[in-house]
Protein chains: 2
Amino acid sequence: MVEPFNNPAAAESGPTREHLLEAAGEVFGEVGFRAATVRAICQRAGANVAAVNYHFGDKEALYSAVLQQSCRVALAAYPVDAGLPADAPPEARLRAFVRAFLQRIFSDGPAARHGRLMAQEMIEPTAALDHLVREDIRPMAQRLAAIVSALVPPGTDEASLRRCSMSVVSQILFYHHCRPVVSRLFPDLEFHGEKLDQLAEHITRFSLAALRHWPAPAEPPAA
Amino acid sequence: MVEPFNNPAAAESGPTREHLLEAAGEVFGEVGFRAATVRAICQRAGANVAAVNYHFGDKEALYSAVLQQSCRVALAAYPVDAGLPADAPPEARLRAFVRAFLQRIFSDGPAARHGRLMAQEMIEPTAALDHLVREDIRPMAQRLAAIVSALVPPGTDEASLRRCSMSVVSQILFYHHCRPVVSRLFPDLEFHGEKLDQLAEHITRFSLAALRHWPAPAEPPAA
DNA sequence: TGACAATTCAAACGATTGTTTTAAATATAT
DNA sequence: ATATATTTAAAACAATCGTTTGAATTGTCA
């Protein structure tokens, strides 16, 4: 056996594999999948150039492993409900959702990598995205939908509900996805500490104002 | 003279240069700056491999030219105010702004390229972004700020105003920037014709509901 | 037409990419 | 300790990249 990368049991072996995952997370997050070179990753990991192919098969398999691990790390660091009971008022749950999401994206630690990786995945989707949407993003979207559903008038149709959910997340993701433009337009903006909390508060208030005053569903046309 | 690319007067010479701009717009829009190869561009333009360096100097200069031209094309195809008088009611101006922005991004024609190029510029900003922010994005941001300013209560502070503007554009850009995830979550969503108008209407209503009731009373944070 | 500039072309250059090879080093088990 | 399997290491591979070169071609004006 000279290629342990397809051995599921060996997936937790050796420190080199861990170092590669760590280094690859940094490099991929900094320059993206395509611009990242296995040589740069291996150098940062203190490993040989052949280490990636030996431990993971090829560059893309390493990237896939990085993406899934970074998602786990980010969600573990900043849980969706931030320790809030499921029966808390929807306003509080929305506020917690927005805050945790922003922190997950703008944190300094390794949790921030996931945000950068996802942003790059939006430009050049890889096969790893399907797995991620199925396992992590869809459940999160359903959680938000539940919160939004408790805020809009009862009987709001499904399509409006989905669009309202997206109006909420869009405000969160915007500052991250469009950071190059945002920081050029407003160089004084910051995205950590108290400033991040203020941003979360703004998004929450804006969304609450819209959702609370969302027009009641129109009368369905008689069939 | 064997390098006409730095001759401003020669910038409008020959059909090859135009073909290169056209082909480069397509290729850059499809795969991004880094993944695009000058060979692919030249092949699509029916030109020699050396044509890019001859007419533009290097690959990045060609990209810069493409980015600026695509911005002009997109703004010409879908103007910001959509032929609306400046003294129209702010609600109508917001609706026109949102609609034109969405159409600019999701159009099928060459105007759509600009959206894709900008999305990639968010991931890997090039030197061309500074010029673009200065010349096109900032004026557009100020137009939106004027509309928003007419909708929120007078005396709203500058920071809130900026954040509200961003809450509006964020909803527009979201569907474009996160399309890989959105279309995996909701495969039935479409972004053209009537569906696009409905989306514009949603974003307008959501934003109007929020802005008209700004500032919304914040829920006291859960203890 | 003839001279000169502008443009195109095939070919190659130098650098970098992901990956493979082959052998040496290390760990593990008998 | 010996044999076996696992892991590391240096070197090279084949492919592709942006760019350059120098000659051939085309266009232009006297």
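Naming: A, B, ... by sequence-line order, numbering from 1 per chain.
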The side chain to side chain contact (heavy atoms under 4.5 Å, CB included) partner of Leu20(A) among Val38(A), Ile41(A), Val66(A) is Ile41(A)
Which whole-number value in Å describes the distance from Tyr54(A) OH to dA27(C) P? 13 Å
Heavy-atom neighbours of Gln43(A) CD exceed 12 at 6.0 Å: no
Name all residues meeting the ring-ring contact (aromatic ring centres under 6.0 Å, His included) criterion together with Phe101(B); count only those two or more places apart in sequence or in a different chain, and write none if there are none. Phe97(B)
List, with names and distances, any nitrogen or oxygen atoms from the protein found under 3.5 Å away from nitrogen or oxygen atoms belonging to nucleotides 16-20 of chain D.
{"residue": "dG18(D)", "atom": "OP1", "partner": "Ala36(B)", "partner atom": "O", "Å": "3.0"}
{"residue": "dG18(D)", "atom": "OP1", "partner": "Lys59(B)", "partner atom": "NZ", "Å": "2.8"}
{"residue": "dG18(D)", "atom": "OP2", "partner": "Val38(B)", "partner atom": "N", "Å": "3.1"}
{"residue": "dG18(D)", "atom": "N7", "partner": "Arg39(B)", "partner atom": "NH1", "Å": "2.7"}
{"residue": "dG18(D)", "atom": "O6", "partner": "Arg39(B)", "partner atom": "NH2", "Å": "2.9"}
{"residue": "dT19(D)", "atom": "OP2", "partner": "Lys59(B)", "partner atom": "N", "Å": "3.0"}
{"residue": "dT19(D)", "atom": "O5'", "partner": "Asn53(B)", "partner atom": "ND2", "Å": "3.3"}

Contacts under 3.5 Å, N or O only, protein and nucleotides 26-28 of chain D:
none

Please check the phosphate of dT8(D) (OP1 and OP2 only) for any side-chain N or O of His55(A) closer than 4.0 Å. yes
Is there a ring pair (Phe, Tyr, Trp, His ring centres under 6.0 Å) between Phe28(A) and Tyr63(A) once you walk through the steps? CA-CA 8 Å; Phe28(A) 281 139; Tyr63(A) 175 77; 5.1 Å; yes
Where the side chain of Lys59(A) meets the backbone of Thr37(A), is there a donor-acceptor pair that is under 3.5 Å apart? no
What is the distance, rounded to the nearest whole Å, between atom CG of Leu20(A) and atom C1' of dG18(C)? 15 Å
Please name all residues satisfying side-chain contact (heavy atoms from CB on, under 4.5 Å) with Asp136(B), sequence neighbours left out, ordered by chain then number. Cys71(B), Leu75(B), Leu132(B)
Can you list the residues that meet the ring-ring contact (aromatic ring centres under 6.0 Å, His included) rule with His176(A), with sequence neighbours excluded? Phe106(A)
Who passes side-chain contact (heavy atoms from CB on, under 4.5 Å) against Ser160(B), sequence neighbours left out? Thr156(B), Asp157(B), Trp214(B)
Once you round it to whole Å, what is the distance between C1' of dT8(C) and NE2 of His19(B)? 14 Å
Residue-phosphate contact under 4.0 Å: Thr16(B) side-chain N/O, dT7(C) OP1/OP2: no
